[in-house]
Protein chains: 2
Amino acid sequence: MSVAVENFVKAIYKNGKSNNNDTKPGNIAKELGISNAAATDMAKKLAVKDLINYEKYQELKLTDKGTKMALNVVRKHRLWEALLFKLFDMSLHDIHREAELLEHQTSDLLANKISEYLGNPKFDPHGDPIPNANGEITTTDTSISLSNTKEGKQYIISRLMSDDKEFFDFCSQNGLKYGNTVLVSKQFSSNKMTQISINNNTILLNEDFTSIIYVNEQD
Amino acid sequence: MSVAVENFVKAIYKNGKSNNNDTKPGNIAKELGISNAAATDMAKKLAVKDLINYEKYQELKLTDKGTKMALNVVRKHRLWEALLFKLFDMSLHDIHREAELLEHQTSDLLANKISEYLGNPKFDPHGDPIPNANGEITTTDTSISLSNTKEGKQYIISRLMSDDKEFFDFCSQNGLKYGNTVLVSKQFSSNKMTQISINNNTILLNEDFTSIIYVNEQD
DNA sequence: TAAAATATTTAAGCTTACTTAAATTTTATT
DNA sequence: AATAAAATTTAAGTAAGCTTAAATATTTTA
């Protein structure tokens, strides 16, 4: 399938999981940087191909076939991120951008080779789960956002859910990395700020950050 | 630039080096699997972009800008082949097919990272030279085709110039691999066949094969 | 709950990269 | 050198994936 189609189903999948859970054409259009009209147009075309269910003015819903396609692309994206992260010294943001292109030009065979080479990893360098060859995500995510953590407890960073360059630059400068340990020293519930300690540094994060950094409680 | 444009200048570059040295639209069209009309069309468009010099009914000539673009794509193609060959157990034909797609979705940054990771190799797994980041091929190719070798001498395989699956299958089954040694036991000039010995096996090759297998004399 | 704001859809049109068919030019052949 | 064959070019048309503008429906808010 074309790049435009793959990106369209991927955007529906992604927005269905977050982004206000809104998969109406306007939100998908914003995600993809195209006009609302183009999104409606594409939605109708993909309904004919049985990739989405389309009803006027309603949310776009992926069919099983569409979900499978989205997960196949997501798998390739995350495998590329994992491979590039392992082999090369590149920023997470750059890695994301390369993967965004490579994901559409990767055969299932190559994806499987990459997976095998990496030891069939369950997560990419952001902590996002990598679907298996059948398009299934077998891991159950028990992580919570930093904004929902408790004062005085230690957590391990499990996901950095963003593709923004500024965010990654900030994270890498401050040791906010998949697998690292943070201590939540204070929750300022009034203004939704969170104070954390990491590598002997104290950082104050606002909700823009704490809502997309996911962690697991340290045993 | 678009995939179609990149493939077009690449085809001119490639056909200019071999394929009867014919870069007229018809031959480029055949190379790309498009109609002659489409090739003429594209030629005119690329002339406007100063990628080729176009004169009616004449050969298509790459400008400096066009040559640079072609070499940039060739560099990425060959770097991908080298990387996939190193990391994964895949046939040369499969590797070629993947590289054919990946080459268009690779930033210069990533290409340089791949090159660095591989130790800035000068050749890909077919023995084809890899242009450097400036689009220069610094190595001088002294190899000759198997059809031009002398009886009784030993040669080292330096290039397998094809992207045909059957050819690669035959080669890998018979030890015809980049870097391997062959003894030319007999040249049948009458019917343009060449008899070689490799791994204690004797093989008789016709000109279809001997013209695309390149070798260097063993010192 | 009616008006205002917002979002979606429809309609018309554009560009890229093709296609086939017909016209024209070049190349090969005798 | 004339004619036949082959290649190139021109012309007209198509599909994908967009655009903007206008029409229509939904959602918000006062």
Side-chain angles (χ1 to χ4, degrees), chain A residues 1-16 19-62 65-66 69-70 73 100-101 103-105, chain B residues 1-16 19-62 65-66 69-70 73 100-101 103-105:
Chain A
M1 208 54 51
S2 74
V3 173
V5 169
E6 288 186 352
N7 278 333
F8 202 86
V9 295
K10 198 179 74 166
I12 297 174
Y13 178 80
K14 195 174 160 188
N15 280 20
N19 269 64
N20 307 319
N21 216 42
D22 179 353
T23 61
K24 289 202 193 127
N27 211 30
I28 302 302
K30 201 181 291 172
E31 172 83 23
L32 295 172
I34 60 177
S35 69
N36 288 6
T40 299
D41 235 46
M42 183 63 97
K44 286 199 232 165
K45 281 183 193 164
L46 298 200
V48 174
K49 291 186 205 283
D50 191 33
L51 290 167
I52 70 178
N53 292 318
Y54 173 70
E55 284 182 87
K56 271 193 186 184
Y57 304 105
Q58 303 304 306
E59 304 245 329
L60 305 179
K61 311 271 191 199
L62 290 174
K65 194 174 158 193
M69 180 183 287
V73 177
E100 203 71 11
L101 298 177
E103 65 187 13
H104 306 292
Q105 310 298 335
Chain B
M1 205 57 49
S2 74
V3 173
V5 169
E6 288 186 351
N7 278 333
F8 201 86
V9 296
K10 198 180 74 165
I12 296 174
Y13 177 81
K14 195 173 160 189
N15 281 17
N19 269 65
N20 308 317
N21 216 41
D22 179 353
T23 61
K24 289 203 191 126
N27 212 27
I28 303 301
K30 201 181 291 173
E31 172 82 24
L32 295 173
I34 61 177
S35 68
N36 288 5
T40 298
D41 235 47
M42 183 63 98
K44 286 199 233 167
K45 280 183 193 160
L46 298 199
V48 175
K49 291 186 204 284
D50 191 34
L51 290 168
I52 70 176
N53 292 317
Y54 173 70
E55 286 182 85
K56 271 192 187 184
Y57 304 106
Q58 304 303 307
E59 304 245 327
L60 305 179
K61 310 272 190 197
L62 289 174
K65 194 174 158 194
M69 180 183 286
V73 178
E100 204 71 10
L101 299 176
E103 65 187 12
H104 305 292
Q105 309 299 336

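Naming convention: chains lettered A, B, ... in sequence-line order (proteins, then strands); numbering from 1 in each chain.
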Nearest-angstrom distance from the residue atom OH of B:Y57 to P of C:dA28:
16 Å

Closest to the 5' end of DNA chain D, once B:G26 and A:K45 are matched to their nearest nucleotides, is B:G26

Heavy-atom nearest pair, B:N15 first then B:D22, reads CB-O, 3.6 Å

Side chain of B:D41 - closest among D:dT9, C:dT20, C:dC18
C:dC18

Rounded interatomic separation in angstrom, taking CE from A:M42 and P from C:dT10:
16 Å

Nearest-Å distance for atom pair CD/C1', residues A:E59 and C:dT9
17 Å

Could you tell me whether a side-chain N or O of A:K14 sits under 3.5 Å from a main-chain N or O of A:V9, the two making a donor and an acceptor?
no

Of B:K30 and A:A4, the one whose closest nucleotide on DNA chain D sits nearer the 5' end is B:K30

Side chain of B:Y54, heavy atoms from C-beta onward: which of D:dT9, C:dT27, C:dT10 has the nearest atom to it?
D:dT9

Of the listed D:dT10, C:dT19, C:dT9, the closest approach to the A:P25 side chain comes from C:dT9

Taking the side chain of B:S35 as heavy atoms from C-beta outward, which of D:dC18, D:dT8, C:dT20 is closest to it?
C:dT20

Just call it for A:A37: base, sugar-phosphate, or nothing, with non-hydrogen atoms closer than 4.0 Å on any strand.
base

CZ of B:F8 versus P of C:dA17: gap in Å, rounded?
11 Å

Could you state the atom-to-atom distance from CD1 of B:I52 to P of D:dT8 in whole Å?
13 Å

Would you say the side chain of A:K61 lies within less than 4.5 Å of the side chain of A:I52, judging by non-hydrogen atoms?
no

Is there side-chain contact between A:H104 and B:L101, with at least one heavy-atom pair below 4.5 Å?
no

Does the A:T23 side chain pair with the main chain of A:I12, one donor and one acceptor, at a distance under 3.5 Å?
no

Can you check whether A:S2 has a side-chain N or O nearer than 4.0 Å to OP1 or OP2 of D:dG17?
yes

To the nearest Å, how far apart are A:E55 CD and C:dT8 C1'?
14 Å

Rounded off to whole Å, could you give me the CG-to-P distance for the B:N36 and C:dC18 pair?
13 Å

Indicate, with a heavy-atom threshold strictly under 4.0 Å, whether A:K56 touches base, sugar-phosphate, or nothing.
sugar-phosphate

Let me know the distance between NZ of B:K24 and P of D:dT9, rounded to the nearest Å.
10 Å

